[in-house]
2 protein chains.
Amino acid sequence: MPLAHRVPDLGALELLLAVARLGSLGAAARELGITQPAASSRIRAMETTLGVALVDRSPRGSTLTAEGVLVTDWARRVVEAAEAFDAGAQALRGRRDSRLRVAASMTIAEYLLPGWLIALRAQWPGTAVSLQAGNSALVARRVLEHEADLGFVEGVSAPDGLSSTVIAQDRLVVAVAPGHPWARRRSPVPAAELARTPLVLRERGSGTRQVLDAALAAHGGLAAPLLELASTTAVKAAAVSGAGPCVLSELAVVDELAGRRLIEVPVADAVLGRALRAVWPTGTRPAGPARDLLSLTRAPAR
Amino acid sequence: MPLAHRVPDLGALELLLAVARLGSLGAAARELGITQPAASSRIRAMETTLGVALVDRSPRGSTLTAEGVLVTDWARRVVEAAEAFDAGAQALRGRRDSRLRVAASMTIAEYLLPGWLIALRAQWPGTAVSLQAGNSALVARRVLEHEADLGFVEGVSAPDGLSSTVIAQDRLVVAVAPGHPWARRRSPVPAAELARTPLVLRERGSGTRQVLDAALAAHGGLAAPLLELASTTAVKAAAVSGAGPCVLSELAVVDELAGRRLIEVPVADAVLGRALRAVWPTGTRPAGPARDLLSLTRAPAR
DNA sequence: ATGAGGCCATAAACTGAATTTATGAGCAGG
DNA sequence: CCTGCTCATAAATTCAGTTTATGGCCTCAT
């Protein structure tokens, strides 16, 4: 039952990617700092547990089989997720003495920041980053007190005393399980109907909840929630299992929408957009590493 | 340097998710079939290597710390990628005697199929699936010869002798590295300019190349390629490192676009869309597991 | 209050898997 | 025909994760 027994470990997946890239077991082994027999043995172990030949070995190198190409592509996605984990974890560990101290809202820290950190590392290696995640008020305070060099918040406007630039546009999405009646609607749901429908929501006080409250105030205000849950994950899980419609940041549900575990329900007459902003103390322009990071996050025309 | 030493293994990540969900080390251990001290030790090891406390332990259970929530969310993405890997790998191993034999083009097998398989497993557990990946001609042949119950191809029209339904709309995307002049263009690139620009492409004969050839035939035809590479991955890598513009399926570059390693360049006057189709022998309607899978893949209005 | 039952931590022995060292065999190219 | 690359095999070693066994802490119910 546990996944870990059926999926090769990260080291083996990384090795497979190196073999694919370098075309040789031995070269891949050298790159990863292990010996060639170890690499040979790991690849072989992988092939036996998967039941598929992955590489064609020859006296002048190894190339992937057709199945190997596919497996390698799937492996790449696992390794990329692990890289994002690593980038985030390093920032979380890095503390006060870091060259770049970042404070970010949960949503941004969770979905966007790891990617930025990977890009930052690629472009300016050696930048030590520390991350503090929390709500908008915490981010604002850290930046104002110069405990953070750069902050990231989602919200309609920037907190007092802070300059900001919009780096992306987020959007709240109404989503339901595929079996829900709204999943088959052709026309958008009127905001008033959304307002009077019991929803699966985060608890009062979350940023998402506040935006939703404001957007539906003109349409009669939010009905009593169907469920009030403490985390984005719990809200998603409830909605996927059919509890009812949920409202979450687009960033939080892209995967579920792509995998059709949730279906987006268009809404009419309500503005559910919100800006994602980088913020810094008014007066001081971001410089050094903060400026580098900012340049990576600027949203293009999309 | 190797990633595997800094990122906890999949078992530990899975354990962390179970702890988050169940609120207890012991309960999580039971679910994963290990003993409580083992779970305690793994979580502790994780905390020391990450340098961050992840769970608040108490005599009546364990809850995640603020950092723990973030780490768990990042871990979830790794585990989800591993689940996709597992689903794909199982289908690759499953052979002739499977209840559902699928043939799919590389792009679909790589990006879409694992998600479908996970959904299929969730909704109809115990369906044994076998997967054969290859080009359109191979998929068509397997389906015609009843070696596969269902096929998935990308292309303008369905192969002869096969019925089909469009399950999604794919699109070829022109993308460049952020430093490329086209990345800062405000106006779309005219098709004629694209046609006379040397591009980074897959080798002649690939589906992507064929669609591009057809689309640009009316605009002077493709210029000699800047680079001709054998795999989608190689094309992406070349484009990311600034070799020049590449043209790839939208599915292949969503991650790079989201992480701003590549920038999409809009193109005027050229139709770069193509349908993704499920195909089956004319006459026989998909039934049983094939029908179940088909129902999962039908594209909604998006 | 006091015992029962949940939770987690610690210690020591065990097990097994991954690794290294050492070696051999096949193929290309000077 | 030797040199240098490739990968495979075998045996010894090392190390990490696990289990078994125990103890402490807290809450709840008697």
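Reminder, nothing fancy here: chain letters follow the sequence lines and each chain counts from 1.
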(message) I'd like to know if the side chain of A:Thr65 reaches the main chain of A:Ala53, judged simply by a donor and an acceptor atom lying under 3.5 Å from each other, with no hydrogens or angles considered.
(response) yes

Taking only nitrogen or oxygen atoms into account, show me every contact under 3.5 Å that the protein makes with nucleotides 12-19 of chain C, one pair per line with its distance.
| from | atom 1 | to | atom 2 | distance (Å) |
| --- | --- | --- | --- | --- |
| C:dT19 | OP1 | A:Arg42 | NH1 | 2.7 |

(message) Under the side-chain hydrogen bond (donor to acceptor under 3.5 Å, both in side chains) definition, can you give me all pairs with a residue in residues 33-46 of chain B, not counting sequence neighbours?
(response) B:Asp9-B:Arg42

(message) Without decimals, in angstroms, what is the distance between A:Ile43 CD1 and D:dC7 C1'?
(response) 12 Å

(request) Ignoring backbone atoms, establish whether B:Arg57 has a side-chain N or O less than 4.0 Å from OP1 or OP2 of C:dA9. (result) yes

(request) With sequence neighbours left out, write down each residue that passes salt bridge (charged side-chain N to carboxylate O under 4.0 Å, His left out) with A:Glu203, or none if nothing qualifies. (result) none

(message) Per the ring pair (Phe, Tyr, Trp, His ring centres under 6.0 Å) rule, what does the pair list look like for residues 113-134 of chain A, sequence neighbours excluded?
(response) A:Trp116-A:Phe152

(request) Round to the nearest Å and state the distance from B:Leu25 atom CG to C:dG6 atom P. (result) 16 Å

(message) Less than 4.0 angstrom between a side-chain N/O of A:Ser40 and OP1 or OP2 of D:dC7, yes or no?
(response) no

(request) Can you tell me the distance, in whole Å, between the NE2 atom of B:His5 and the P atom of D:dC15? (result) 13 Å

(message) Each nucleotide in nucleotides 24-30 of chain D should get exactly one letter: B, S or -. Can you fill that in based on protein heavy atoms under 4.0 Å?
(response) -BSS---

(message) List the residues meeting salt bridge (charged side-chain N to carboxylate O under 4.0 Å, His left out) with A:Arg57, not counting sequence neighbours, and say none if there are none.
(response) A:Glu47

(request) May I ask you to list the residues of residues 62-75 of chain B, by number, that have any heavy atom positioned under 4.0 Å from an atom of DNA chain D? (result) none

(request) Could you tell me the separation between the CZ atom of A:Arg30 and the C1' atom of C:dT20, rounded to a whole number of Å? (result) 16 Å

(request) Please list all pairs passing the salt bridge (charged side-chain N to carboxylate O under 4.0 Å, His left out) test where one or both residues lie in residues 234-244 of chain A, with sequence neighbours left out. (result) A:Lys236-A:Glu256

(request) Please name all residues satisfying salt bridge (charged side-chain N to carboxylate O under 4.0 Å, His left out) with B:Arg121, sequence neighbours left out, ordered by chain then number. (result) B:Asp86

(message) Using whole Å, what does the distance between atom P of nucleotide D:dT20 and atom CD of B:Gln36 come to?
(response) 13 Å

(request) Could you tell me the separation between the CG atom of A:Leu22 and the P atom of D:dC5, rounded to a whole number of Å? (result) 16 Å

(request) Answer yes if the side chains of A:Arg6 and A:Thr49 hold a donor-acceptor pair under 3.5 Å, and no otherwise. (result) no

(request) Measure from the side chain of B:Ser24, starting at C-beta and using heavy atoms only, and say which of C:dC8, C:dA9, D:dA8 lies closest. (result) C:dC8

(message) Which residues pass the salt bridge (charged side-chain N to carboxylate O under 4.0 Å, His left out) test with A:Arg21, not counting sequence neighbours?
(response) A:Glu31

(request) Check side-chain contact (heavy atoms from CB on, under 4.5 Å) between A:Thr72 and all other residues, then give those that pass, not counting sequence neighbours. (result) A:Leu16, A:Leu17, A:Ala20, A:Leu64, A:Arg76

(request) Sorted by first residue and then second, give each salt bridge (charged side-chain N to carboxylate O under 4.0 Å, His left out) pair with at least one member in residues 106-120 of chain A; sequence neighbours left out. (result) none

